[in-house]
Amino acid sequence: MQAWRVHRNGEPSEVMRLEETDRPTPGDGQVLVEVLAANINFPDALLCRGQYQVRPPLPFTPGVEICGRTADGRRVLATPALPHGGFAEYVVADEAALLPAPDTLDDAEAAALHIGYQTGWFGLHRRAHLRAGETLLVHAAAGGVGSAAVQLGKAAGATVIGVVGGPEKAGAAAGLGCDLVIDRHGEDIVAAVKEATGGRGADVVYDPVGGDAYAKSVKCVAFEGRVIVVGFASGVIPAPALNHALVKNYSIAGLHWGLYNDKDPAAVRACHDELTRLAAQGAIKPLISERVGLAGAAAAVQRVADGAGTGRIVVRPSGAAR
């Protein structure tokens, strides 16, 4: 089969190589899955750079979530077992962790429903306890992770303010349903949030960016607000001033969705059932900006690493039907 493999750490476009290799062999409790579509996530770039919390042995294939087909014909969502990631024609995955792909989504959309939307749901509902009528501030609102949070926030009845970088992304965020879009390139985030909320600030902040985004967020978070730390796409990990959290009476909560697979897998399955229901209702639908063939995977991962484009880029190996 063909698979992209990383033999040394570095930028994705420089270290990913498309090679012929053997199909991976399933171990105990695992199953071989044909890849129909593999969604690109920012962690794929971090894997290439050797900066992710999981460091598979070299060489490895990146690609942390797929929609695929099992030998018995089931269409499933899976997180491939590294080092045999999803940018390949076949992967192995834990049988117990497979989730049924929603019938209302095509392969590319289904591949993008898993990690980003699970992260959004757990962040907004399990960690932030978002309530209808509250104001949700989402950073990188036109990106893969942010776009999921925007849709889930609207589905929960929140007023959603999206922060983006540039007019193209502003248009995408508005199309996703943001009640207000702030272009950080030319607008003052803090002032815009306070004006939109009558000085109260945002009840919940969803931050996959870190750095300056976090610094601005805590200046416009509401009384008893909740800041959900999802990631650090900016490359800068903030150092929270806990005295500031104390005097403003807000909470800072971290979210590592992968832990739920180990600590509470039943909650992951329940979340998937809810996401499937929302997808069937049309309340959520992954924003797919590009569908590229397997040969274009390295360049696409680099675009995600550089923060270019909107929504999700999905890799579809040749022969994939949808």
Side-chain angles (χ1 to χ4, degrees), residues 1-10 12 15-101 107-108 110-115 118 256-263 265-266 268-269 272 291-298 300-301 313-322:
M1 71 168 189
Q2 286 193 312
W4 284 92
R5 301 217 292 172
V6 173
H7 292 262
R8 62 180 178 86
N9 293 127
V15 301
M16 288 177 62
R17 291 163 43 185
L18 187 58
E19 300 176 344
E20 287 287 339
T21 185
D22 294 333
R23 292 182 184 180
T25 301
D28 291 340
Q30 294 183 325
V31 62
L32 184 70
V33 182
E34 178 190 5
V35 178
L36 301 176
N39 179 47
I40 298 176
N41 288 268
F42 190 70
D44 294 316
L46 296 179
L47 281 167
C48 291
R49 293 168 175 167
Q51 297 174 347
Y52 196 51
Q53 55 258 42
V54 176
R55 295 193 179 187
L58 297 168
F60 68 86
T61 298
V64 297
E65 65 178 342
I66 69 156
C67 174
R69 183 167 47 228
T70 61
D72 59 5
R74 289 175 293 157
R75 184 167 164 264
V76 299
L77 306 187
T79 51
L82 296 175
H84 304 293
F87 302 142
E89 293 179 305
Y90 289 87
V91 301
V92 293
D94 293 337
E95 171 74 37
L98 296 180
L99 298 170
D107 295 333
L113 183 75
H114 196 187
I115 296 175
Q118 286 259 348
H256 177 194
W257 171 77
L259 283 178
Y260 286 97
N261 278 320
D262 296 327
K263 305 290 187 182
V268 172
R269 289 189 169 273
H272 180 68
R291 302 167 190 243
V292 303
L294 189 59
V301 175
I313 303 177
V314 178
V315 177
R316 299 177 65 248
S318 59
R322 302 168 72 189

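The residues of the chain are indexed from 1 along the displayed sequence.
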Worksheet item: Atom OG1 of T79 and atom CD of E65: how far apart are they, to the nearest 0.5 Å?
Response: 9.0 Å
Fill in: CG on L46 to CG on N9, rounded to 0.5 Å
11.0 Å
Worksheet item: Are T21 and T61 close enough that some pair of their side-chain heavy atoms sits under 4.5 Å apart?
Response: no
Worksheet item: What's the shortest heavy-atom distance between N39 and A111, and which atoms?
Response: CB-O, 3.5 Å
Worksheet item: Do you know which two heavy atoms are closest between A88 and G85, and how far apart they sit?
Response: CB-O, 4.0 Å
Discussion item. Let's go through V76 and V31 carefully: what are the C-alpha distance in whole Å and the side-chain angles of both, what is the deciding distance for side chain to side chain contact (heavy atoms under 4.5 Å, CB included) to 0.1 Å, and is it a yes or a no?
Written reply: CA-CA 11 Å; V76 299; V31 62; over 6 Å; no
Discussion item. Which residues pass the salt bridge (Lys or Arg N to Asp or Glu O under 4.0 Å) test with E19, not counting sequence neighbours?
Written reply: R5, R17
Practice prompt. Please tell me if the side chains of L58 and V6 come closer than 4.5 Å, counting only heavy atoms from C-beta onward.
Written response: yes
Worksheet item: P80 and V64: which non-hydrogen atoms are nearest, and at how many Å?
Response: CD-O, 3.5 Å
Item to complete: Say whether, by atom type as modelled, one donor and one acceptor occur between the side chain of R69 and the main chain of E34 under 3.5 angstrom.
Response: no
Practice prompt. Report yes or no: does E89 contribute a side-chain atom to a donor-acceptor pair with the main-chain N or O of M1 at less than 3.5 Å?
Written response: no
Fill in: Close side-chain approach of P100 and R74, heavy atoms under 4.5 Å
no
Discussion item. Which heavy atom of M16 sits nearest to which heavy atom of W4, and what is that distance?
Written reply: O-CZ3, 3.3 Å
Practice prompt. Determine whether more than 12 heavy atoms belonging to other residues, nucleotides or ligands lie under 6.0 Å from atom CG of D72.
Written response: yes
Worksheet item: Atom CG of L98 and atom OG1 of T70: how far apart are they, to the nearest 0.5 Å?
Response: 7.5 Å
Worksheet entry | Minimum heavy-atom distance V314-A37, with the two atoms named | CG1-CB, 3.7 Å
Worksheet item: Could you state the interatomic distance from CG (L294) to CZ (R316), rounded to the nearest 0.5 Å?
Response: 11.5 Å
Item to complete: Start with the C-alpha gap between L99 and R269, add the side-chain angles, then the distance that decides, and say whether side chain to side chain contact (heavy atoms under 4.5 Å, CB included) holds.
Response: CA-CA 7 Å; L99 298 170; R269 289 189 169 273; 3.7 Å; yes
Worksheet item: Can you tell if the side chain of D44 reaches within under 4.5 Å of the side chain of F87, non-hydrogen atoms only?
Response: yes
Worksheet item: Which heavy atom of P56 sits nearest a heavy atom of F60, and at what distance?
Response: CG-CG, 3.6 Å
Item to complete: Test V315 against every option in V292, V35, I66 by the side-chain contact (heavy atoms from CB on, under 4.5 Å) rule and name the one that passes.
Response: V292
Worksheet item: Mind checking whether Q2 and L18 have side chains closer than 4.5 Å, heavy atoms only?
Response: yes
Item to complete: First locate atom CG of D107, then atom CG of L77, and finally report the distance between them rounded to the nearest 0.5 Å.
Response: 10.0 Å
